[in-house]
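Shown next, in structure tokens, is the structure this report addresses.
Note that these values count all heavy atoms, side chains included, but never hydrogens, waters or copies made by symmetry. Count residues from 1 along the sequence.
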Amino acid sequence: MSEQRFGEFVAVRREGDGHVAELAMDRPKAMNAVSTEMARSIGAACAALAADPSVRVVVLSSTAERAFCVGADLKERNSFSDTELVRQRPTTRGAYGGVLALPMPTVAAVHGFALGGGFELALACDVIVADETAVVGLPEVSVGVIPGGGGTQLLPRRVGAARAAELIFTARRVEAAEALSLGLVDSLVPAGRDTAEALALASRMAANSPVGLRAAKRALRLGHGMDLEAGLEIEDAAWRTVAFSGDRVEGVAAFNEKRKPNWPGE
């Protein structure tokens with residue numbers, strides 16, 4: 001396994017062919033509370049991954065035993081002046097926006113607490129795999145703020161406006177079984193298996209065309225919320241980016257020759 005560090009609190013790990021990258025939040029003593037430094041590192045790691053054409057799928061994980069991520073570092077925030085809080089905002093937005101903007105499919109591996117900004121990081125991923133210890137929620141209004149890492153926009157896209165309103169306005173925490181039933185997470189696995197299962201899912205995704213994966217994600221993201229006619233135009237534009245690609249040529253040839261494709265990724 002290779003590992004690249006981004007500051008003290010973030011590591012990117014890759015095994016085998018390297019097509020699956022694990023972005024591991026590594027601040028276990030603080031249960032991955034997102035400090036300014038950690039937010040900067042998440043943003044930098046995402047920028048590096050986005051620019052790497054060999055990465056086909058990213059898994060967002062945690063090295064903390066009891067948590068995926070507990071959200072913003074409120075101890076650090078408590079020391080901020082209003083000016084310092086305003087100055088920090090682009091850095092924190094860069095972390096959440098960096099995960100959301102990754103051009104390849106992303107899978108969150110969630111265990112323990114995923115609260116506030118922690119759950120927003122998971123929501124920024126395309127698929128959320130959670131284990132039986134997971135507890136998720138957006139409790140920001142209970143401390144006088146609102147979800148500011150994408151939660152007010154991403155949660156209703158998952159569960160609908162009324163359900164998102166109930167969860168955000170009550171600030172309640174949701175345990176794993178209910179989270180699955182409400183669609184807050186996409187699959188539930190035994191305790192301690194979240195990262196392994198997320199990596200296995202990512203490997204199945206990464207076996208497919210990297211050009212196709214990125215184009216499909218672009219069509220899904222851009223088309224969401226559009227009327228059908230506009231959405232189909234977005235899909236057609238994405239189709240055109242793959243229809244004349246080397247991946248399409250290789251995929252058709254491999255199918256006809258009954259072999260695994262060797263994707264050129266272009």
Side-chain angles (χ1 to χ4, degrees), residues 1 9-13 15 20-34 38 42 57-74 96 99-100 102 105-140 142-143 147 149-151 154-160 162-206:
M1 175 189 291
F9 303 131
V10 174
V12 171
R13 301 166 175 168
E15 291 185 348
V20 174
E22 180 186 355
L23 196 170
M25 295 180 287
D26 188 25
R27 196 187 180 198
K29 291 181 179 179
M31 294 198 286
N32 288 330
V34 183
M38 185 168 170
I42 292 171
V57 185
V58 172
V59 171
L60 181 62
S61 70
S62 161
T63 66
E65 182 178 351
R66 296 179 52 217
F68 174 73
C69 174
V70 294
D73 186 337
L74 296 183
Y96 301 114
V99 176
L100 187 64
L102 284 169
T106 51
V107 182
V110 174
H111 63 266
F113 297 112
L115 301 173
F119 188 37
E120 289 174 303
L121 285 168
L123 289 171
C125 294
D126 299 302
V127 179
I128 302 175
V129 174
D131 83 358
E132 294 168 338
T133 70
V135 178
V136 306
L138 296 175
E140 283 87 347
S142 71
V143 293
L154 296 171
L155 188 59
R157 284 167 166 79
R158 264 191 168 266
V159 300
R163 179 66 70 191
E166 181 262 322
L167 292 166
I168 290 170
F169 296 161
T170 62
R172 72 183 179 95
R173 298 180 179 190
V174 182
E175 295 188 0
E178 184 185 4
L180 179 65
S181 70
L182 295 179
L184 299 173
V185 303
D186 301 304
S187 64
L188 196 58
V189 301
R193 292 289 302 168
D194 54 296
T195 299
E197 295 296 335
L199 288 168
L201 175 61
S203 293
R204 293 196 295 274
M205 294 177 179

For this session: Applying side chain to side chain contact (heavy atoms under 4.5 Å, CB included), run through Val189 and Val129 and close with a yes or a no.
Result: CA-CA 7 Å; Val189 301; Val129 174; 4.1 Å; yes

Problem set entry | Intermediate values then yes/no, side chain to side chain contact (heavy atoms under 4.5 Å, CB included), Cys69 and Val34 | CA-CA 8 Å; Cys69 174; Val34 183; 3.6 Å; yes

Exercise. Stepwise, does the side chain to side chain donor-acceptor pair (under 3.5 Å) test hold for His111 with Asp194?
Worked result: CA-CA 7 Å; His111 63 266; Asp194 54 296; 3.0 Å; yes

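Taking every heavy atom of both residues into account, Phe68 and Leu121 meet most closely at CE2-CB, 4.4 Å. Residue Val107 comes nearest to Val57 through the heavy atom pair CG2-CG1, 4.4 Å, listed as atom of the first residue, atom of the second, then distance. In terms of heavy atoms, Phe119 sits closest to Gly137 at CB-O, 3.7 Å. Minimum heavy-atom separation, Thr195 to Ala109: CA-CB, 3.7 Å. Taking both residues in full, the closest heavy atoms of Ala202 and Val59 are given as CB-CG2, 3.6 Å, listed atom of the first, atom of the second, then distance. Taking both residues in full, the closest heavy atoms of Glu132 and Ala191 are given as OE1-N, 3.6 Å, listed atom of the first, atom of the second, then distance.
For the side-chain contact (heavy atoms from CB on, under 4.5 Å) criterion with Arg163, the lone passing option out of Ile168, Leu182, Leu184 is Leu182.
For the atom pair CD1 of Ile128 and CG of Asp186, the computed distance is 6.0 Å after rounding to the nearest 0.5 Å. Residue Ile42 holds its CD1 atom at 8.0 Å from CG of Asn32, rounded to the nearest 0.5 Å. Leu102 CG to Cys125 SG: the interatomic distance, rounded to the nearest 0.5 Å, is 8.0 Å. In this structure, CZ in Arg173 is found 12.0 Å from CG in Leu138, a value given to the nearest 0.5 Å. In this structure, Ser62 OG and Met25 CE are separated by 5.5 Å, a value rounded to the nearest 0.5 Å. Atom CG of Leu188 sits about 13.5 Å away from atom CZ of Arg193, to the nearest 0.5 Å.
A salt bridge links Glu178 with Arg172: the closest approach of a Lys/Arg side-chain nitrogen to an acidic carboxylate oxygen falls below 4.0 angstrom. Between Arg13 and Asp26 no salt bridge is recorded (no basic side-chain N to carboxylate O distance below 4.0 Å).
Counted within 6.0 Å of CZ on Arg158, heavy atoms from surrounding residues, nucleotides or ligands total more than 12; the atom is thus considered enclosed. Residue-environment remark: CD (Glu166) exceeds the threshold of 12 foreign heavy atoms within 6.0 Å. Sparse packing is recorded around CZ of Arg66, with 12 or fewer heavy atoms of other residues, nucleotides or ligands lying under 6.0 Å away.
The shortest distance between side-chain heavy atoms of Val185 and Val110 does not fall below 4.5 Å.
When atom types are taken as modelled, the side chain of Thr133 and the backbone of Gly112 share a donor-acceptor pair closer than 3.5 angstrom.
Applying the side chain to side chain donor-acceptor pair (under 3.5 Å) test to Asp73 and every residue at least two apart in sequence or in another chain returns Arg27.
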